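Every heavy atom of this structure was used, including side-chain atoms; hydrogens, water molecules and symmetry mates were not. Computed from a predicted structure; not experimentally measured.
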Amino acid sequence: MGNGGSEPQPSRVRQAPQVGPGPLRDFQCALYEAYLAAGSPTFKELAADAARISDLAPAPSRTIIRACLDEAQLPDQQADAAAIAVVLARRAAWHADDFVLLIRSLWLKARLTAPLGQPLQSVTDPFALEVHRAIDHSAGRFPHDLPPLPAYIERAHDEELRQRVVQALKGTSTMAVLIGPSSTGKTRACWEAIQELPETWRLWHPIAPGRAEAVLTGIGGIGPHTVIWLNDTHHYLTTPGTGLGERVAAALRALLREPAQAPVLVLGTIWPERWAQLLQEPGPHGGVEDPHAQARYLLAGAGITVPAAFSPDDLARLHGHAGRDPRLLHAARHADDGRITQYLAGAPALLERYRTAPPAARALIEAAMDARAAGHTIALPHALLEAAAENYLTDAEWDTLGEDWLEQALAYCAAPLRGTRGPLTRIRPRRGAPAHPQPHYRLADFLEEHGRTTRQLDHTPTGFWDALIEHAHRPDLTDLAQSAGARGLLSPALRLFTAAHEASQPEALRAAGALLHSTGHIDDAITWYQHASENGDSASLGLAVTLLYDTGRTDQAITWLTQRARQGDPAAPSWLTQLQPTTPT
């Protein structure tokens with residue numbers, strides 16, 4: 001690209017300057033006219049002439065001369081342009097001073113008229129180009145020194161995209177549009193692709209005052225070696241109620257076949273349904289409007305499909321790179337059905353949705369977080385969420401809610417984002433699955449983990465435990481009680497154990513006795529063990545007797561065992577025998 005290396009053949013200017021209208025073209029045309037008048041010398045001859053002119057030190061190198069004359073590049077130094085002008089003017093027998101003044105003036109105008117876009121070497125922020133942010137240390141589990149983007153795992157579509165880049169590097173304008181659902185890695189793939197371009201390229205991301213308007217306003221000023229970044233391409237080509245989209249498509253088609261502006265590389269991304277809409281042909285009958293004719297021609301052959309999920313081979317490569325970036329392994333363990341990129345991009349979006357949620361929606365999410373952290377199964381009943389969420393709202397928040405607050409909050413939580421589930425989504429039973437008498441909801445996995453690491457169940461509202469007692473999944477009650485007990489919340493734990501017993505979980509009363517025993521409440525533990533035994537839990541009888549004996553209340557134990565034996569408890573007689581040994585006669 002004019003920055004060193006051996007001189008390619010031929011060693012003369014191959015053709016007239018291929019530059020769009022403007023000061024740079026004026027500069028190149030003036031030099032080309034002088035070059036022809038000078039007899040079309042080789043670059044080696046021009047460099048030798050420059051080296052012999054003492055007042056041109058340091059003389060421009062053959063590489064600089066070739067880049068200026070043959071590649072239509074503006075020299076970085078005005079002195080180099082002036083030196084080339086001197087050499088050409090003398091060979092053409094022109095008045096050198098006048099021609100040098102002209103070239104200096106044209107160089108300055110071309111330098112002051114900046115081409116569209118930024119030099120690629122200054123494009124260092126992927127998020128400015130709408131690459132999605134990924135999960136990072138703000139989630140509370142990853143190191144602070146991780147790079148902004150996770151390590152990149154190449155897939156099949158990356159090789160297809162690389163071929164388009166190579167085509168542009170060889171001098172042919174081309175377009176590539178990556179087609180895939182939200183957050184499948186389309187924009188990230190484009191970002192990785194432009195890293196292979198020389199720093200002498202530029203990048204143009206037209207967005208203001210509107211995307212379509214920006215393209216139409218600026219496309220005439222595009223120079224060679226420019227990437228045109230059309231993320232969410234449908235925003236440029238689909239403009240309901242106006243013809244802007246078709247005009248953009250037509251302008252891009254013209255650009256791609258204009259030699260004076262080649263090479264340019266147009267990179268875009270689009271969802272499959274938008275792609276299908278743009279490529280939809282009109283009906284077979286005449287007179288049907290064809291709203292996307294130009295777009296259809298533009299996009300023909302430009303599409304590259306990006307799968308929604310990682311293939312087994314992709315996942316194998318991911319595991320091979322997991323040591324470089326813990327986010328990859330975390331995503332592989334938690335993403336649904338190989339949807340790695342959606343998980344990586346969706347996690348920060350989920351956190352943002354939660355942190356910026358209206359009070360009622362935030363209350364629902366936090367109630368769901370705490371229920372899962374307490375041990376409730378994935379399926380959260382509608383009644384549980386409704387009863388629990390109220391307790392997470394202040395009086396002022398509660399008083400301002402409308403009658404449909406729950407429906408609005410659930411709708412907010414259910415809206416998908418970045419190709420993944422919303423914070424709290426309804427579980428749709430499959431055909432043949434057991435029917436539930438009420439809707440059930442699932443908390444997003446990432447928010448569940450976030451809740452476990454950031455929230456404290458011992459600070460939950462009292463009404464939260466009341467809601468669990470009343471509405472939790474009945475088989476979960478014992479686990480929920482254990483969770484409350486582990487946090488020193490004896491009162492809700494015992495009430496949950498009671499509810500579990502009433503839900504036909506015979507071990508619940510014994511578990512309550514064990515909790516009380518472990519916390520030093522011996523008398524209460526004995527009472528709960530006895531209650532469990534009297535309700536058919538044979539293992540609890542021995543536990544109650546052992547505690548009575550260990551605390552010096554053998555007579556009380558014998559009295560209770562005698563009563564249990566009379567009531568038909570089969571375990572009582574053997575314990576009585578141990579406590580009342582037979583006296584020899």
Derivation and outcome, side-chain contact (heavy atoms from CB on, under 4.5 Å), residues Leu350 and His450: CA-CA 10 Å; Leu350 282 168; His450 181 70; over 6 Å; no

Intermediate values then yes/no, side chain to side chain donor-acceptor pair (under 3.5 Å), Gln167 and Gln163: CA-CA 6 Å; Gln167 188 176 348; Gln163 295 305 315; over 6 Å; no

Evaluation steps, side-chain contact (heavy atoms from CB on, under 4.5 Å), between Arg202 and Leu116: CA-CA 8 Å; Arg202 302 181 72 83; Leu116 283 177; over 6 Å; no

Residue pair Lys109, Ser105: steps toward the side-chain contact (heavy atoms from CB on, under 4.5 Å) verdict: CA-CA 6 Å; Lys109 289 180 180 179; Ser105 174; 4.1 Å; yes

Residues Leu267, Leu161; criterion side-chain contact (heavy atoms from CB on, under 4.5 Å); working and verdict: CA-CA 9 Å; Leu267 293 179; Leu161 183 55; 3.9 Å; yes

Intermediate values then yes/no, salt bridge (charged side-chain N to carboxylate O under 4.0 Å, His left out), Arg317 and Asp314: CA-CA 5 Å; Arg317 283 193 296 275; Asp314 296 333; 2.4 Å; yes

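With sequence neighbours left out, the side-chain hydrogen bond (donor to acceptor under 3.5 Å, both in side chains) criterion links Gln77 to no other residue. For Ala331, the side-chain contact (heavy atoms from CB on, under 4.5 Å) partners two or more places apart in sequence, or in a different chain, are Ile340, Tyr343, Leu344.
In this structure, NE2 on His292 lies 12.0 Å from NE2 on His234, to the nearest 0.5 angstrom. Atom CZ of residue Arg164 and atom CG of residue Leu169 lie 14.0 Å apart, to the nearest 0.5 angstrom. One finds the CG atom of Leu203 at 9.0 Å from the OG atom of Ser122 (value rounded to the nearest 0.5 Å). Note that OG1 of Thr305 and CD of Glu160 are 7.5 Å apart. Values are rounded to the nearest 0.5 Å. Atoms CD and OG1, from Gln121 and Thr200 in turn, are 9.0 Å apart once rounded to the nearest 0.5 Å. In this structure, CZ on Arg274 lies 11.5 Å from OG1 on Thr233, to the nearest 0.5 angstrom.
Heavy atoms only, all atoms of each residue included: Pro423 and Ile365 are closest at CB-CD1, 3.7 Å. Ala368 and Leu380 make their closest contact through CB-CD1, 3.6 Å (heavy atoms, listed as atom of the first residue, atom of the second, distance). Residue Ala302 comes nearest to Trp275 through the heavy atom pair C-CH2, 4.4 Å, listed as atom of the first residue, atom of the second, then distance. When all heavy atoms of Val264 and Ile222 are compared, the closest pair comes out as CG1-CG2, 3.6 Å. For the pair Ile219 and Trp204, the tightest heavy-atom approach, listed with the atom from each and the gap, is N-CH2, 3.8 Å. Residues Ala85 and Val100 share a closest heavy-atom pair of CB-CG2, 4.1 Å.
Residue-environment remark: CZ (Arg442) exceeds the threshold of 12 foreign heavy atoms within 6.0 Å. The 12-atom threshold is exceeded at CD of Gln78, counting heavy atoms of other residues, nucleotides or ligands nearer than 6.0 Å. Within a 6.0 Å sphere centred on CZ of Phe127, heavy atoms belonging to other residues, nucleotides or ligands number more than 12. Residue-environment remark: CZ (Arg162) exceeds the threshold of 12 foreign heavy atoms within 6.0 Å.
Within the 3.5 Å criterion, the main-chain N or O of Pro75 finds no donor-acceptor partner in the side chain of Asp80. Proximity of a side-chain donor or acceptor of Glu154 to a complementary backbone N or O of Glu159 within less than 3.5 Å is not detected. In this structure, Thr269 contributes its side chain and Asp232 its backbone to a donor-acceptor pair below 3.5 Å. Judged by distance alone, the side chain of Thr400 and the main-chain N or O of Glu397 form a donor-acceptor pair under 3.5 Å. Without hydrogens or angle criteria, Arg66 side chain to Ser11 main chain gives no donor-acceptor distance under 3.5 Å. With Arg372 contributing its side chain and Glu448 its backbone, the two residues share no donor-acceptor pair below 3.5 Å. Not one N or O on the side chain of His330 forms a donor-acceptor pair closer than 3.5 Å with the backbone of Pro326. In this structure a side-chain-to-backbone donor-acceptor pair under 3.5 Å is missing from Arg25 to Ala260. Formation of a donor-acceptor pair under 3.5 Å by the Thr341 side chain with backbone atoms of Ser183 is found in this model. Although no hydrogens or angles enter the test, the distance criterion places no donor-acceptor pair under 3.5 Å between the side chain of Arg211 and the main chain of Pro206.
Proximity of Leu393 to Leu401: side-chain heavy atoms (C-beta onward) are separated by under 4.5 Å at one or more points. Residues Leu364 and Tyr412 are not in side-chain contact: their nearest non-hydrogen atoms beyond the backbone lie 4.5 Å or more apart. The closest side-chain heavy-atom distance from Ile207 to Tyr236 is below 4.5 Å. The shortest distance between side-chain heavy atoms of Pro272 and Ile179 falls below 4.5 Å. Side-chain contact between Leu230 and Val177 is absent, with no heavy-atom pair separated by less than 4.5 Å. By the 4.5 Å heavy-atom criterion applied to side chains, Trp201 and Pro263 are counted as neighbours. Counting only heavy atoms from C-beta outward, the side chains of Leu46 and Ile84 never approach each other to under 4.5 Å. Annotation: side chain of Ile103 is not in contact with side chain of Leu88 (no heavy-atom distance under 4.5 Å).
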Donor-acceptor contacts, no H, no angles, side chain residues 185-194, under 3.5 Å, sequence neighbours left out:
from, atom 1, to, atom 2, distance (Å)
Lys186, NZ, Gly180, O, 3.2
Lys186, NZ, Pro181, O, 2.8
Thr187, OG1, Asn231, OD1, 2.8
Arg188, NE, Glu192, OE2, 2.8
Arg188, NH1, Pro150, O, 3.2
Arg188, NH2, Pro150, O, 2.8
Arg188, NH2, Glu192, OE2, 3.1

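The pair Arg452-Glu449 does not count as a salt bridge, with every side-chain nitrogen at least 4.0 angstrom from each carboxylate oxygen.
Between Tyr441 and His382, the two ring planes are tilted [angle within 30° to 60°].
The side chain to side chain contact (heavy atoms under 4.5 Å, CB included) with Phe310 is formed by just one residue from the set Asp337, Thr184, Leu315; it is Leu315.
A cation-pi geometry, defined here as NZ or CZ lying under 6.0 Å from the six-membered ring centre and within 45° of its normal, does not hold between Arg421 and Phe446.
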